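Small disclaimer: the values here were computed from a predicted structure and weren't measured. Heads up: numbering here begins at 1 and tracks the sequence.
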Amino acid sequence: MLEELEDEIRYGRDHNRARIFVSSRMDGSLDSERKLAATTIDRLESHRAWWWEQDAPAGVLHSVNECVNFARTSDGLVLLIAGPLSAVIYAEYSAAKDSSAETYIFIREGETLPDDVRDFIARERGDVVTRNFQNEGELETHLYQSLNRTAVRAIREMQLMRRRERAVASGG
C-alpha cells in the first residue's frame, strides 16, 4: 500500500490530461513515428504524451524500473511495432495493461516480425484492436481516431453506469 502511494506521488497523474506512454524500440528505426505519435497525442487537449526523449528526467540513468513505473501509472500506452521487441517493451506493456490502462498497438506494414512478436500480437488481438500502418499519415489518423473514440466511449460508459444505478435505486 505504501509503495503504491509513493509511486502515485512520484509518477502522479495530471488531473486535466490523460497521460499516454509511447513505447517502441529505441534503436532509431521508429524515431520519426515516436515523435509523430507524441505530437498526435498532444494535439488532443485532454491528452499528454510521455516519451523518453522528451520526458525522462535529466540526470537519471535509463532504467527498466523508470520506464515500467511511468508506463504502469499512465492512463494509456501506445505501442509501435516494426520488428523485434525488447524485454523492456514487454515489461512496459504488461505494466500498463495490468494497471488497466488503455492500450493501443500500431504495426508498421512491410516489416519482418519475429515469431514471439507475431505471437504477442495474436494474443493481444483478443483484447485490443490493433492497426497496421503503411506510412506516417496512416499512423497519425489511426492514433488520433483511436484516442478520440476512447474518450467519447468513456463518457458514454459513465452515462450508462449512472442510468443503471438510477434504475436499480428506483427498483426498475
Report the distance from atom CZ of F21 to atom OH of Y104, rounding to the nearest 0.5 Å. 15.5 Å

Apply the test side-chain contact (heavy atoms from CB on, under 4.5 Å) to residues E138 and N135: give CA-CA distance (whole Å), side-chain angles for both, the deciding distance (0.1 Å), then the verdict. CA-CA 6 Å; E138 281 188 4; N135 55 53; 3.7 Å; yes

Describe, in one word, how the ring planes of H142 and F106 are oriented to each other, choosing from parallel (under 30°), tilted (30 to 60°) and perpendicular (over 60°). parallel

Using modelled atom types only, decide if a donor and an acceptor are shared between the side chain of N148 and the backbone of Y144 within a distance under 3.5 Å. no

Report yes if some heavy atom in the side chain of P84 is under 4.5 Å from a heavy atom in the side chain of R25; otherwise report no. yes

Quick check: closest heavy atoms across A37 and V22, and the distance to 0.1 Å? CB-CG1, 4.4 Å

Note: D27 and S29 closest approach over all heavy atoms is OD1-OG, 2.6 Å

Spacing of OH belonging to Y93 relative to CD1 belonging to I81, to within rounding of 0.5 Å: 8.5 Å

I need the L143 CG to F133 CZ distance, nearest 0.5 Å. 10.0 Å

If you look only at distance, which donor and acceptor atoms sit under 3.5 Å apart when one is on a side chain in residues 152-164 and the other is two or more places apart or in another chain?
{"unit_1": "R153", "atom_1": "NE", "unit_2": "E157", "atom_2": "OE2", "d": "2.9"}

Any idea which heavy atoms bring A82 and E111 closest together, and the distance? O-OE1, 3.5 Å

List the atom of C67, the atom of V88, and the distance in Å for their closest heavy-atom pair. CB-CG1, 4.4 Å

Could you tell me the separation between the NE2 atom of H47 and the CG atom of D75, rounded to the nearest 0.5 Å? 8.0 Å

Just how far is it from atom OG1 of T40 to atom CG of L36, taken to the nearest 0.5 Å? 4.0 Å

Return the NZ to CD distance between K97 and E124, rounded to the nearest 0.5 Å. 3.5 Å

By the salt bridge (charged side-chain N to carboxylate O under 4.0 Å, His left out) test, which pairs, at least two apart or in different chains, include something from residues 32-42? E33-R108, R34-E53

Cluster check W52, I89: I/L/V/M/F/W/Y, side chain < 4.5 angstrom: yes

Hey, does I20 have a side-chain heavy atom less than 4.5 Å from the side chain of W51? no

Any link between L30 and I121 through a network of hydrophobic side chains (Ile, Leu, Val, Met, Phe, Trp, Tyr) touching at under 4.5 Å? no

Would you list the pairs meeting salt bridge (charged side-chain N to carboxylate O under 4.0 Å, His left out) in which at least one residue belongs to residues 43-52, sequence neighbours left out? R43-E140, R48-D55

Relative to the ring of W50, is the ring of F70 parallel (under 30°), tilted (30 to 60°) or perpendicular (over 60°)? parallel

Are L80 and L113 grouped together when hydrophobic residues (ILVMFWY) are joined by side-chain heavy atoms under 4.5 angstrom apart? no

Give a yes or no on this: more than 12 heavy atoms of other residues, nucleotides or ligands lie within 6.0 Å of atom CZ of R118. yes

I'd like to check I105 versus T103 (side-chain heavy atoms, cut-off strictly below 4.5 Å). Are they in contact? no

Which heavy atom of V68 sits nearest a heavy atom of E92, and at what distance? CG2-N, 4.1 Å

Considering non-hydrogen atoms only, spot the tightest contact between S74 and A101 and give its length. O-CB, 3.6 Å

